[in-house]
Amino acid sequence: MSIYDVECVKGFIRMCTDGWLQGWHERNGGNLTYRMKAEDIEACKPYFDAQPREWVNMGVQADNLAGEYFITTGSGKFFRNVEPDPIHSIGIVEINAKGDSWRIVWGLADGAKPTSEFPSHFMNHSVRKAATNGENRVIYHCHATNVIALTYVLPLTDRDFSRALWQSATECPVVFPEGVGVCPWMVPGGADIAMATSELMKKYQAAIWAQHGLFASGPDFDITFGLAHTIEKSAEIYWKVLSTGKPILQTITDDALRAIAHDFGVQLNEEFLD
Ligand code: 2HA
Ligand code: ZN
C-alpha cells in the first residue's frame, strides 16, 4: 500500500491527467483542489510527513474551512507531470483553526507550494460548501480553449454566456440550470479575483474568467470534470456554428429550454429567459 492507492488520491491524479489530455493545461496552466472527507484523511494520514511544514498565511479567511485538509496541485507545476511525478506536483495541506493559513503535511516535495490560485480555490470552497450544505468538495480551474475564445466575442455578462451555452447543447440547461457566472479580466492569483469569483459561486456552479479560463465546482471528480467538459463542449459547438459564417436558422428556443427544465425536473434561472 502507498498513498497512491487511496481512492481520493487516485481520483485526483486521474482528473489531472484527464484535463491534460483535453488540452486545457498547457505548461503550468490550471489547478485542482479537493476538500478531503474524514475517511480520506484517515486513509492518507499514515503517509503524512513526520513533521508538517511551516504555517503560511493565505491573505483570505473562512471560518467554515478551519481544520480542513485539501489535496492541491502545486504552484508552477504541470498537469502533464502529475501522474508520472505526483510527489513533486501535488500535495496535501492542513488549514489552521483560524481558517487563514495552510501547512503542507504531504507531497509538494523539494520546496514546492500549493497552487498560486489557492486563495481563489479556498474562497470558492468556502462559498460552495455553504451553498451545498457541505456537499461540494472539488474546485477545478482549467484553460478551456473554446470558453476562453468566447470571452473575446460575447458580451461579458452571465446572461449572454448562459444563453449561448444553453442553446448550443441540449443537456446544458439540465447540467447547469442556474447558468454560469462571468468575471471580467483580472490579474490572476490574488485576493481580488478570489473575492470576485466567490461572489459568483454563491449563485453558480461554474464561473468564466475573461481571457483566462473556467472555474468549475462539484461534489466529486466525475461531476466537476463533467461540468467543465459540458461547458467547453458547448462553447466548441457555438464556435463551429459561428465559424461557418452562415446565418443561424434555428436554435433551442426559450420555450424549448423551459420544456427541457420541466421534463428533467430542474429549475432554470428565469432571469436569463425571454
Ligand atoms: O496555475 O492557471 O491561473 C496557473 C494558472 C493561474
Ligand atoms: Zn489559469
Side-chain angles (χ1 to χ4, degrees), residues 2-37 40 43-44 70-92 106-108 112 114-118 120-121 124-125 128 132 135-150 165 168-169 171-172 174-176 180 188 197 201 204-209 212-240:
S2 83
I3 195 163
Y4 306 121
D5 297 311
V6 177
E7 275 316 305
C8 65
V9 178
K10 276 203 277 191
F12 188 97
I13 292 173
R14 179 180 171 208
M15 181 152 162
C16 291
T17 304
D18 286 344
W20 158 248
L21 293 174
Q22 289 296 327
W24 302 338
H25 298 281
E26 73 291 343
R27 203 173 182 279
N28 62 319
N31 21 78
L32 175 66
T33 54
Y34 169 74
R35 184 168 59 83
M36 297 170 79
K37 298 179 183 174
D40 300 326
C44 290
F70 292 91
I71 313 180
T72 178
T73 49
S75 179
K77 301 298 179 181
F78 294 16
F79 268 50
R80 180 171 163 256
N81 292 336
V82 169
E83 190 172 333
D85 187 17
I87 192 81
H88 290 96
S89 307
I90 66 172
I92 297 177
W106 174 82
L108 295 170
T115 167
S116 58
E117 300 292 0
F118 201 82
S120 277
H121 280 246
N124 283 303
H125 273 290
R128 293 308 299 165
T132 62
E135 286 285 304
N136 192 88
R137 295 199 171 268
V138 183
I139 299 286
Y140 176 48
H141 167 56
C142 62
H143 294 175
T145 317
N146 291 284
V147 170
I148 297 169
L150 274 188
L165 293 168
S168 300
E171 93 247 53
C172 284
V174 181
V175 177
F176 49 98
V180 293
T197 312
M201 298 294 265
Y204 304 112
Q205 304 173 72
I208 291 165
W209 282 358
H212 184 153
L214 177 65
F215 248 84
S217 66
D220 59 35
F221 299 119
D222 281 350
I223 299 290
T224 311
F225 191 80
L227 175 62
H229 206 184
T230 303
I231 291 172
E232 169 62 5
K233 174 83 184 269
S234 188
E236 182 180 357
I237 293 165
Y238 193 77
W239 269 123
K240 285 190 193 294

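This chain uses plain numbering: 1 for the first residue, then up along the sequence. Treat the numbers as computed from the prediction; the structure is a model and nothing was measured.
- Pairing each heavy atom of L32 with each of C16, the nearest pair is CD2-SG, 3.8 Å.
- Residues K77 and V82 form no side-chain contact, since every pair of their non-hydrogen atoms from C-beta on lies 4.5 Å or further apart.
- Taking the six-membered ring where the residue is Trp, the centroids of H212 and H143 are separated by under 6.0 Å.
- Residue F215 comes nearest to T197 through the heavy atom pair CG-CG2, 4.3 Å, listed as atom of the first residue, atom of the second, then distance.
- Classified by interplanar angle (parallel below 30°, tilted 30° to 60°, perpendicular above 60°), the ring pair Y4/W106 is perpendicular.
- The heavy-atom pair separating Y34 from H125 by the smallest distance is N-NE2, 4.4 Å.
- Across all their heavy atoms, N136 and G218 have their closest contact at OD1-N, 2.8 Å.
- The closest side-chain heavy-atom distance from L150 to Y238 is below 4.5 Å.
- Crowding of E26 atom CD: a count of heavy atoms from other residues, nucleotides or ligands under 6.0 Å exceeding 12.
- Panel note: side chain R128, backbone Y204; a donor-acceptor pair is recorded below 3.5 Å.
- Counted by atom type alone, N81 and H88 present zero donor-acceptor pairs between their side chains at under 3.5 Å.
- Judged by distance alone, the side chain of T230 and the main-chain N or O of G226 form a donor-acceptor pair under 3.5 Å.
- Ring pair H141/W209 is tilted by interplanar angle, where 30° to 60° counts as tilted.
- In this structure, D85 CG and I90 CD1 are separated by 10.0 Å, a value rounded to the nearest 0.5 Å.
- Between H121 and Y140, the ring center distance fails the sub-6.0 Å criterion.
- Interatomic distance, I139 CD1 to N124 CG, rounded to the nearest 0.5 Å: 5.0 Å.
- For S75 against P114, the heavy-atom pair with the smallest separation is CB-O, 3.2 Å.
- Counted by atom type alone, T17 and E83 present one or more donor-acceptor pairs between their side chains at under 3.5 Å.
- Note that the NZ atom of K10 and the CD1 atom of I3 stand 13.0 Å from one another [nearest 0.5 Å].
- Atom CD in E171 sits 8.5 Å away from atom CZ in F176 (nearest 0.5 Å).
- Within the model, atoms SG of C142 and NE2 of H25 stand 5.0 Å from one another, a figure rounded to the nearest 0.5 Å.
- The aromatic ring centres of F221 and H229 sit 6.0 Å or more apart.
- Taken from OG1 in T224 to CZ in R137, the straight-line distance is 11.5 Å, to the nearest 0.5 Å.
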For the pair N31 and T72, evaluate side-chain contact (heavy atoms from CB on, under 4.5 Å) and give the outcome as yes or no after the intermediate values. CA-CA 8 Å; N31 21 78; T72 178; over 6 Å; no

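- Under the rule for a salt bridge (charged side-chain N to carboxylate O under 4.0 Å, His left out), the partners of K240 that lie at least two apart in sequence or sit in another chain are E236.
- Checked against side-chain contact (heavy atoms from CB on, under 4.5 Å), E232 has the following partners two or more places apart in sequence or in another chain: W24, A144, T145, N146, V147, A235.
- Between S217 and V138, every side-chain heavy-atom pair lies at or beyond the 4.5 Å cut-off.
- The shortest side-chain heavy-atom distance between I223 and L227 does not fall under the 4.5 Å cut-off.
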Hey, mind stepping through S89 and T73 against side-chain contact (heavy atoms from CB on, under 4.5 Å) and telling me if it holds? CA-CA 6 Å; S89 307; T73 49; over 6 Å; no

Evaluation steps, side-chain contact (heavy atoms from CB on, under 4.5 Å), between K233 and I237: CA-CA 6 Å; K233 174 83 184 269; I237 293 165; 4.3 Å; yes

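- Of all non-hydrogen atoms in G29 and F79, the two that sit nearest each other are O-CD1, 3.9 Å.
- At a threshold of 4.5 Å between non-hydrogen side-chain atoms, the residues P219 and T132 do not count as touching.
- With hydrogens and angles disregarded, no donor-acceptor distance shorter than 3.5 Å links the side chain of R80 to the backbone of R27.
- Residues forming a side chain to side chain donor-acceptor pair (under 3.5 Å) with E117 (at least two apart in sequence, or on another chain): none.
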Checking side-chain contact (heavy atoms from CB on, under 4.5 Å) for the pair I231/V180: CA distance, chi angles, key distance, verdict? CA-CA 9 Å; I231 291 172; V180 293; 3.9 Å; yes

